[in-house]
Each structure stands twice: as C-alpha cells, then as structure tokens.
Amino acid sequence: MQTISENRCFGGIQGVFEHASRETGTDMRLAVFVPGDVAGPMPVVYWLSGLTCTEENFTVKAGAQRVAAELGLILVAPDTSPRGEGVPDDLDGAYDFGIGAGFYVDAVEVPWRAHYRMRSYVESELPALIAEHFPADPARQSILGHSMGGHGALTIALRHPERYRAVSAFAPICAPMDCPWGRKALGGYLGADRAAWRQYDACALIEDGARVPEILVDQGGDDGFLEEQLQPERLRAACEAAGIPLTLRLQPGYDHSYFFIATFIEDHLRWHAERLSAGS
C-alpha cells in the first residue's frame, strides 16, 4: 500500500492509497477514513460510487467524515473501475461503459475480462486489504452506494448476506437487465446470455431467492434518470413479493447529484451504525 495523501479530518485521518491489484492487474486507488481516539477494531462501511466517479467524489463531496468520526466508523471508497496504460475503454468515449463504468461485475468478454474484475476486487481483495492495513473489524461490515454503485452495493449484499450487516443505496440502478445503462454494461462485459446477467441484477437476485434482512433506499424525486434508468418501483415490487422490508424514501425536489447524497448521508450512516453495533 502506497500512501498518496493523508489529512487530519474531524479528529481522524482521511487517506488516499494506491496498491497493485491482483484482480484487475492494475494499480488501484482507494480512499479510507479512520476515526481518531477509538480503541479496538472498528466497524467498516464500504461506499461504491457511480458512473464517471473515482474514489475522490465521495471523499470530498458527501461530507460523511464528521458523522463517521462521531459514530466510530471506518469509511472505504474504492475507485469505480481499473485505469491505466493498457486498460481498454469505450471506443466512442461514452461515459457509461469502460473506464469509470466498471459496473461491479467480473467481465468475461474480450478485451474487458483481463482487467474489469470489480466484483472480485470489492468482494474479496478489498476487504482483505482493509483488514490487513487498518483497525477494521471483519465481523462488522456494511455497504452502500450511489447509482451504479447502489446497484453494486445491493447485488453484493444480496450475494453475501452473511458478510454485510446492512445495505443501503442512493438512487440505485435497481433492474439493470431492463434499463439502457444496464443492458449496455451487462451485454458488453458478460455477453448476450441474459441468464448470466441475473447475478448482477438486484431484482433478479431477489426473484431467484437471495435475501437480506432489510434495505434502505433514498431516491430523488426530481432525478432525471428516475423512470428510465433507476426504476425503484421494480425493487419495491421484488421486495414485497419476497418479504424483504424495504424503506424507499422518495425525496421531493432532489436530483441525482452529490448535493442529494450530502443531504441524507447522515441518515444512512446512523442507520448503518445501529445495525453494525447490534450484538457486537
């Protein structure tokens, strides 16, 4: 782990780090906030960002460190895709595929499969790295994200309910098999077999039997992507059919931006902290 920067923040340390990833075959960056003056292993909250983002967006725009310091939460924000020399990108320079748009899948199609392994990076490599280098409690982990990262958080938690005590999302892509962003990403990274896409679709995972104790979702009412891309009512229907308690809050007047996230991030972190402290 190479330290890129460290800054004092609300009594803790906000760091940015880089390491050689075995999963992506590239150098990967991540941001980690560690509260100060907390004894013993601390609970960890993973944040997954959306399209076009890096580890920086959440770190500098969400305003999460103050609450995390109060609650004693380590915050981990990885990049959204591999980057660097030799990493393929969308030939047309589109923002919704390629670099900045890893979609938290393990690609199987050429040329993406060599580096685009964000599922394995987030599920396996990253938690081991955090446990090795930070005062993290592996028994107290949770995950949340925004948009593409909300999709990632939901699907990862549904595939690993034993690992994450809580999952929430801001404006997640709820049914990527049936929206333009998702069809482009899943088809490009995984190929034409839609059966292979189901493991990366929260609604499909729930339909196929995946369960978590509960889900919290905030969605901006003035989000321009709401109807075509995000489809939260699809998630509501899937959770109702499966008996999964879903708190879906439509926030009037809010859009898809980090102003929306910054407004409600405290609610989410306090919600996560309650579940991370239960039974600890």
Side-chain angles (χ1 to χ4, degrees), residues 23-24 46 48-53 78 80-82 87-92 94-125 143-161 163-164 167 169-212 215 217 219 225-242 244 246:
E23 292 293 347
T24 68
Y46 291 90
L48 303 184
S49 292
L51 290 166
T52 76
C53 291
T80 52
S81 74
V87 176
D89 196 8
D90 185 87
L91 295 178
D92 297 325
Y95 74 95
D96 56 356
F97 192 81
I99 291 175
F103 242 79
Y104 305 101
V105 307
D106 281 352
V108 299
E109 293 291 300
V110 175
W112 318 104
R113 67 187 184 192
H115 299 294
Y116 284 78
R117 296 182 50 79
M118 290 302 296
R119 170 183 177 170
S120 289
Y121 178 75
V122 173
E123 288 182 351
S124 300
E125 185 172 10
I143 191 166
L144 74 161
H146 171 232
S147 194
M148 177 185 73
H151 138 79
L154 291 173
T155 56
I156 288 170
L158 284 162
R159 290 194 300 263
H160 298 282
R163 181 183 303 173
Y164 301 99
V167 57
F170 290 83
I173 304 172
C174 295
M177 292 179 66
D178 295 307
C179 77
W181 280 341
R183 286 193 295 266
K184 180 176 182 178
L186 299 178
Y189 292 133
L190 304 177
D193 182 7
R194 286 176 60 89
W197 301 6
R198 295 186 68 82
Q199 63 188 307
Y200 297 112
D201 183 301
C203 293
L205 282 165
I206 293 170
E207 290 169 3
D208 292 344
R211 298 290 184 267
V212 291
I215 299 172
V217 170
Q219 171 64 61
F225 302 115
L226 176 57
E227 298 299 330
E228 182 179 33
Q229 302 283 12
L230 306 176
Q231 304 176 29
E233 292 304 322
R234 293 279 300 273
L235 181 64
R236 187 197 300 274
C239 287
E240 286 180 354
I244 298 174
L246 169 67

Closest contact, heavy atoms only, [X] versus [Y]:
X      : Y      : result
Ala238 : Ile206 : O-CG2, 3.5 Å
Ala101 : Leu51  : CB-CD2, 3.4 Å
Thr24  : Pro82  : CB-CB, 4.0 Å
Ala169 : Gly150 : CB-CA, 3.9 Å
Ala175 : Gln231 : CB-OE1, 3.9 Å
Leu144 : Phe170 : CD1-CE1, 4.0 Å

Rounded to the nearest 0.5 Å, what's the gap from [atom1] on [X] to [atom2] on [Y]? Could you check?
X      : Y      : atom1 : atom2 : answer
Gln219 : Leu235 : CD    : CG    : 10.5 Å
Leu226 : Glu233 : CG    : CD    : 8.5 Å
Cys239 : Arg234 : SG    : CZ    : 12.5 Å
Thr155 : Leu205 : OG1   : CG    : 6.5 Å

Q. Which word best sums up how the rings of Tyr164 and Tyr46 line up, parallel for under 30°, tilted for 30 to 60°, or perpendicular for over 60°?
A. perpendicular
(Q) In terms of relative ring orientation, are Trp112 and Phe97 parallel, tilted or perpendicular, with 30° and 60° separating the classes? (A) perpendicular
Would you say the side chain of [Y] lies within less than 4.5 Å of the side chain of [X], judging by non-hydrogen atoms?
X      : Y      : answer
Asp90  : Lys184 : yes
Cys174 : Leu230 : no
Ile173 : Gln229 : no
Trp181 : Glu228 : no
Met118 : Thr80  : no
Pro176 : Trp197 : no
Val167 : Leu154 : yes

Q.
Filter on side chain to side chain donor-acceptor pair (under 3.5 Å), then keep only pairs touching residues 186-196, sequence neighbours left out; what's left?
A. Asp178-Arg194
Q. With the threshold set at 4.0 Å, does a side-chain nitrogen-carboxylate oxygen contact exist between Glu125 and Arg117?
A. no
Q: Run the salt-bridge test on Arg198 and Glu207 with the 4.0 Å N-O cut-off and return the result as yes or no.
A: yes
Q. Between the side chain of Tyr200 and the main-chain N/O of Gly152, is any donor-acceptor distance below 3.5 Å?
A. no
Q) Residues two or more places apart in sequence or in another chain: which of them pass side-chain hydrogen bond (donor to acceptor under 3.5 Å, both in side chains) with Tyr104? A) none
Q | Contacts of type ring-ring contact (aromatic ring centres under 6.0 Å, His included), residue His146, not counting sequence neighbours | A | His256, Tyr258
Q) Does CD in Glu227 sit with more than 12 non-hydrogen atoms of other residues, nucleotides or ligands closer than 6.0 Å? A) no
